[in-house]
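Please read the structure below before turning to the comments.
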Amino acid sequence: MKLPRRRFLQLAASAAALPAVTRVAKAETYPTRPVRVIVTFAAGGPNDIIARLMGQWLSERFGQQFVIENRPGAGGTIGTEVVVNAPPDGYTLVLASPANAINATLYGNLSYNFIRGIAPVAGIALAPSVMEVHPSVPAKTVPEFIAYANANPGKINMASGGIGSSQHAIGELFKMMARVDLTHVPYRGEAPALADLLGGQVQVIFGNMPSSIEYLRAGKLRPLAVTTSTRSEALPQVPTVGD
């Protein structure tokens, strides 16, 4: 069954607005079977968390399972390719992220065109990034971190969720603007990158707030700054990088 994007949005809006009995009736139109939602990074990261929350919400309203499937690797391109090559019937979705836009400029040999191969359905979430370090790093502010990095060139490991991930892109921009030498260590997702940051194998990450906020609040990681133009209500005591 081919499902045009406009029809998908109409059904989604109706299912969210009508009472439970009517939602079941709508589910007879779409979907009539489980829907796969591809997450292009490892389980436990921000994309995975958002997808599972949204998947549960959609399952309850449509009366069909929205099954989350993690397909990490190559900065999100492996999972994205799965969706691009799937039948365009609305039963294979992808949780897109900034990495999809970054990869379009980073890789010259992608086997797909993201703009042409994927039809957007809805925006779900906006999450700020946080510059955070392991407690063993003596810096408590961004200027102190820059000074520490300049005193230890090439000795500070910067983790990311993979080449082309938002953590990687933000980190490289910071390196250029601050003129510091950090060693990039890519992982197959932000969750394994955070695990090594917590263990002290790497020293800094420009992480997505949903993944690490509890570690920050518990003092297991130290936030230096948020990357947004204003402070975050979730971490009001943390300045912006511009501050």
Side-chain angles (χ1 to χ4, degrees), residues 1-127 161-166 188-191 208 210-211:
M1 158 183 144
K2 287 190 74 92
L3 186 71
R5 173 174 173 266
R6 182 184 298 276
R7 182 59 177 156
F8 181 93
L9 290 171
Q10 289 172 343
L11 289 171
S14 299
L18 296 177
V21 175
T22 308
R23 287 201 294 266
V24 173
K26 285 293 184 182
E28 294 175 2
T29 304
Y30 172 87
T32 58
R33 54 186 169 87
V35 178
R36 285 198 304 164
V37 181
I38 303 297
V39 175
T40 61
F41 294 96
N47 285 25
D48 184 65
I49 293 171
I50 292 171
R52 292 184 188 279
L53 290 172
M54 183 55 62
Q56 180 180 351
W57 186 86
L58 290 170
S59 296
E60 292 171 353
R61 282 153 180 78
F62 279 107
Q64 282 285 351
Q65 287 298 308
F66 280 69
V67 181
I68 309 304
E69 182 178 327
N70 296 89
R71 298 294 289 268
T77 61
I78 292 176
T80 302
E81 186 174 6
V82 170
V83 181
V84 171
N85 293 330
D89 55 9
Y91 286 90
T92 305
L93 310 178
V94 63
L95 185 68
S97 71
N100 292 113
I102 296 168
N103 288 335
T105 62
L106 186 63
Y107 297 99
N109 59 344
L110 287 176
S111 62
Y112 59 85
N113 184 308
F114 183 76
I115 299 297
R116 295 177 183 174
I118 296 289
V121 174
I124 296 176
L126 294 174
I163 295 174
S165 64
S166 61
R188 290 173 64 85
E190 189 172 350
N208 289 286
S211 298

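Just so it is clear, the structure is predicted and the values come from calculations on it, not from any experiment. Computed over heavy atoms, backbone and side chain alike; hydrogens, waters and symmetry mates excluded.
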Taking all non-hydrogen atoms of both residues into account, name the closest pair between Pro34 and Val67 and its distance.
CB-CG2, 4.4 Å

When the ring centroid of Tyr30 is compared with that of Tyr91, is the distance short of 6.0 Å?
yes

Over all atoms of both residues, closest heavy-atom pair of Ser166 and Pro98
CB-CB, 4.2 Å

Out of curiosity, Ile118 CD1 to Ile115 CD1, how far, rounded to the nearest 0.5 Å?
10.0 Å

Closest non-hydrogen contact found for Ala99 with Ser165 is CB-CA, 4.2 Å

Can you confirm whether Arg36 sits close enough to Val82 that some side-chain heavy atom of one is under 4.5 Å from a side-chain heavy atom of the other?
yes

Is the closest side-chain heavy-atom distance between Thr40 and Leu95 below 4.5 Å?
no

As an exercise, state the distance from CG of Leu93 to CE of Met54, rounded to the nearest 0.5 Å.
11.5 Å

Could you pull out all residues at least two apart from Asn208 that satisfy side-chain hydrogen bond (donor to acceptor under 3.5 Å, both in side chains)?
Glu190

Flag, side chain of Asn103 to backbone of Gly75, donor-acceptor distance under 3.5 Å
yes

All heavy atoms of Pro46 vs all of Ser211, minimum pair found to be CD-OG, 2.7 Å

Contact summary for Val83 and Thr92, nearest pair of heavy atoms
CG1-O, 3.6 Å

Judged by atom type as modelled, is there a donor-acceptor pair below 3.5 Å linking the side chain of Arg188 to the main-chain atoms of Ala42?
no

Write down the atom of Phe66, the atom of Gly55, and the distance for their closest heavy-atom approach.
CB-O, 3.8 Å

To the closest 0.5 Å, what do you measure between CG (Asp48) and CD1 (Ile68)?
7.5 Å

Do side-chain atoms of Gln64 reach the backbone of Thr32 as a donor and acceptor pair under 3.5 angstrom?
yes

Donor-acceptor pair, distance only, cut-off 3.5 Å: does the side chain of Asn70 make one with the backbone of Phe41?
yes

